[in-house]
Amino acid sequence: MKRKFTVALLATAVMAAAAACGGGSETGTEAGGDGKTKIVFSYWGSDSRQKLTEQVIAKFEEKNPTIDVEGDFSDWGSYYEKLATKVAAGDAPDVMTIEIRGLAEYAGRGALADLTGKVNTADLDQQVLTAGQVDGKQYAIPTGVNTFAAVVNKATVEKQGQQLPDDKAWTWDQFIETGKAITEKSGGSVWGSDYNFNPAFLQVFAAQRGEKFYDNGKIGMSADTLKAWWGIHQKLIETKAAPDAAKMAEIGTNVEQALLATNTGAYGIWWSNQLGALSKGSGQELDLLRLPKLDGAPSGGMFLQPAMHWSMSAKSEHTAEAQKFIDFLLNDADAGGILLSDRGLPTNAKVLEAIKSKLTPTDQKTLDFIESVKSELSPTVVPPKGAMEMEDILKRNSEEVLFGKTTPDAAAAKFLQEANAALAG
């Protein structure tokens with residue numbers, strides 16, 4: 001899902017913004033002839049998210065008739081490049097959607113305003129709230145939460161003669177063996193599982209080995225952990241528990257094309273807030289499970305993470321209006337009733353309670369799952385600058401291993417070198 005974050009472009013953006021003289025046309029905001037103040041709100045997503053966002057903007061404008069909100073929508077692939085270009089042109093959106101791996105980068109270069117005390121956060125989960133902080137300042141507010149988990153089609157598993165696991169105790173070896181049996185029993189019409197190269201997956205696995213993905217601004221994992229993680233992928237392919245690298249590269253991170261969504265897979269590894277899209281695609285009931293563990297793992301390694309954040313430009317000339325809009329998105333039950341779980345389940349306890357009856361059965365299932373594992377989840381850690389490059393670096397090196405273009409030893413050394421260079425800037 002993620003694209004490489006262009007650090008050089010952001011640096012240029014911040015310098016250009018600092019040099020700008022600050023006129024209304026440069027900031028993307030203006031007081032119109034009708035006496036209304038216009039603010040710009042940038043976000044990414046699907047067509048369905050765009051429709052929901054337009055609805056929530058209309059509701060805000062209805063309640064705040066002196067403010068116009070202009071939605072600046074992009075697909076994920078072009079979002080950060082477009083955002084950085086706008087910042088460079090002195091045309092930064094007043095309210096920006098930021099993903100956690102870009103938070104330290106944007107905040108560290110002066111692009112975001114400190115929202116401490118400027119938005120009501122009293123009813124938000126205070127632990128989750130820290131996931132929007134950099135150097136003790138609240139540069140962003142989490143929109144909602146999810147966790148990286150296993151997704152299962154129970155009917156498919158049972159149809160292929162397998163039992164559902166005890167997800168509090170199952171191991172990666174059991175995951176692979178079950179996947180192998182499902183593929184064999186189906187005659188190859190259904191794969192046991194998919195796999196992916198999301199850094200969140202590796203972060204969970206590293207924690208199961210007692211290591212951190214990031215540690216003091218550097219990669220905290222050993223080369224052996226990387227090789228062991230690739231080893232799981234290799235075993236999935238070798239045993240035919242999962243498709244080969246070419247097939248998975250073709251599917252990519254496209255939820256609509258996922259094995260689960262097309263009813264050609266029994267298990268998958270996805271963010272919990274993707275359960276709805278996977279279920280809709282399959283037309284069947286899917287469920288969430290804890291990820292498997294290594295034998296003797298000190299923890300399951302799973303963690304709670306904001307789906308994304310709301311943030312405000314440090315250069316906005318209409319801070320009061322921008323803050324009011326963010327406050328509305330976070331704290332207004334009408335806003336919550338429109339967005340529901342689109343940007344993760346709300347962290348505002350009062351809003352969540354108000355919208356529970358509106359949640360789809362799938363969303364309710366996601367909520368119940370997160371509540372059931374919450375005490376086991378590790379605290380969210382804001383990744384350091386350079387983290388936006390991590391998925392591209394990891395994917396590239398992972399595919400070189402699985403396509404047989406290089407050895408795990410060489411790829412691990414290359415990943416650590418490239419990743420640490422990205423973090424060093």
Side-chain angles (χ1 to χ4, degrees), residues 1 147-167 170-202 204-205 228-294 302 362 365 369 391 394-395 398-405 408:
M1 288 180 62
T147 188
F148 210 59
V151 182
V152 61
N153 186 322
K154 291 181 179 180
T156 298
V157 171
E158 293 171 350
K159 182 179 180 181
Q160 304 307 325
Q162 298 300 302
Q163 294 183 343
L164 290 173
D166 173 2
D167 69 339
W170 69 328
T171 66
W172 287 110
D173 286 341
Q174 291 171 335
F175 178 73
I176 293 167
E177 285 301 313
T178 298
K180 174 186 176 183
I182 288 171
T183 304
E184 289 178 348
K185 182 69 182 295
S186 74
S189 63
V190 175
W191 293 98
S193 181
D194 63 18
Y195 53 86
N196 61 69
F197 309 123
N198 194 307
F201 184 4
L202 180 52
V204 170
F205 185 78
W229 185 64
W230 285 325
I232 289 176
H233 293 73
Q234 290 172 318
K235 287 180 183 177
L236 284 167
I237 294 171
E238 290 166 2
T239 61
K240 297 190 183 303
D244 60 21
K247 174 67 174 177
M248 289 308 302
E250 178 185 332
I251 295 171
T253 56
N254 188 322
V255 177
E256 289 77 14
Q257 295 179 15
L259 300 181
L260 282 165
T262 57
N263 294 314
T264 54
Y267 288 95
I269 302 174
W270 296 87
W271 287 107
S272 59
N273 69 341
Q274 293 173 311
L275 181 66
L278 291 167
S279 299
K280 182 178 180 181
S282 71
Q284 299 190 41
E285 184 175 353
L286 305 180
D287 292 280
L288 292 163
L289 300 172
R290 294 168 177 84
L291 286 171
K293 292 190 293 188
L294 291 167
M302 291 171 62
T362 300
K365 189 178 293 186
F369 176 76
E391 184 158 342
L394 182 59
K395 181 176 183 292
S398 297
E399 288 185 340
E400 287 184 359
V401 171
L402 297 190
F403 275 102
K405 294 180 179 179

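The CG atom of Leu259 sits 4.5 Å away from the OG1 atom of Thr264 when rounded to the nearest 0.5 Å. We find the CD-OG1 distance between Glu285 and Thr362 to be 8.0 Å, quoted to the nearest 0.5 Å. Between atom CG of residue Asp194 and atom NZ of residue Lys247 there is a gap of 11.5 Å, rounded to the nearest 0.5 Å. Residue Gln284 holds its CD atom at 10.0 Å from CG of Leu260, rounded to the nearest 0.5 Å. The CG atom of Asp167 lies 11.5 Å from the CD atom of Gln174; values are rounded to the nearest 0.5 Å. With rounding to the nearest 0.5 angstrom, the CG atom of Asn196 is 6.0 Å from the NE2 atom of His233.
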inquiry  = Assess the residue pair Phe201 and Trp172 against the criterion (ring-ring contact (aromatic ring centres under 6.0 Å, His included)); give the C-alpha distance rounded to whole Å, side-chain angles, the decisive distance to 0.1 Å, and a yes or no.
reply    = CA-CA 13 Å; Phe201 184 4; Trp172 287 110; 5.6 Å; yes
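Residues Val255 and Gln274 come closest through the heavy atom pair CG2-NE2, 3.7 Å. In terms of heavy atoms, Ala261 sits closest to Glu256 at CB-O, 3.8 Å. In terms of heavy-atom proximity, Ala149 sits nearest to Leu291 at C-CD2, 3.7 Å. Pro243 and Ser193 get closest at one heavy-atom pair: CD-O, 3.5 Å. Between Leu394 and Phe197, the shortest heavy-atom contact is CD2-O, 3.2 Å.
Glu158 meets the side chain to side chain contact (heavy atoms under 4.5 Å, CB included) test with Leu164; sequence neighbours excluded. Glu177 pairs by the side chain to side chain contact (heavy atoms under 4.5 Å, CB included) definition with Lys180, not counting sequence neighbours. Phe148 pairs by the ring-ring contact (aromatic ring centres under 6.0 Å, His included) definition with Trp271, not counting sequence neighbours. Residues satisfying the side chain to side chain donor-acceptor pair (under 3.5 Å) test with Asp173, not counting sequence neighbours, are none. Looking at residues two or more places apart in sequence or on another chain, you find no side chain to side chain donor-acceptor pair (under 3.5 Å) involving Thr171. Under the rule for a side chain to side chain donor-acceptor pair (under 3.5 Å), the partners of Thr156 that lie at least two apart in sequence or sit in another chain are Asn153. Residues satisfying the salt bridge (Lys or Arg N to Asp or Glu O under 4.0 Å) criterion with Asp287, sequence neighbours excluded, are Lys154, Lys365. Lys280 pairs by the side chain to side chain contact (heavy atoms under 4.5 Å, CB included) definition with nothing, not counting sequence neighbours. Trp230 is linked by a ring-ring contact (aromatic ring centres under 6.0 Å, His included) to nothing, counting only residues two or more places apart in sequence or in another chain. Contacts of Gln257 classified as side chain to side chain contact (heavy atoms under 4.5 Å, CB included), with partners at least two apart in sequence or in another chain: Ile251, Asn254.
Proximity of Thr178 to Pro165: side-chain heavy atoms (C-beta onward) are nowhere separated by under 4.5 Å. The closest side-chain heavy-atom distance from Val151 to Leu288 is below 4.5 Å.
Remark: side-chain polar atoms of Asn198 are not paired, donor with acceptor, to backbone N or O of Glu391 under 3.5 angstrom.
Sorted by first and then second residue, the pairs that involve residues 248-267 and meet ring pair (Phe, Tyr, Trp, His ring centres under 6.0 Å), not counting sequence neighbours, are Trp170-Tyr267, Phe175-Tyr267.
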Table please: side-chain donor-acceptor pairs of residues 185-192 below 3.5 Å, with sequence neighbours left out.
unit_1, atom_1, unit_2, atom_2, d
Ser186, OG, Ile182, O, 3.3
Ser186, OG, Thr183, O, 3.0
Ser186, OG, Gly188, N, 3.3
Ser186, OG, Ser189, N, 3.3
Ser186, OG, Val190, N, 3.0
Ser186, OG, Val190, O, 2.9
Ser189, OG, Ser186, O, 3.0

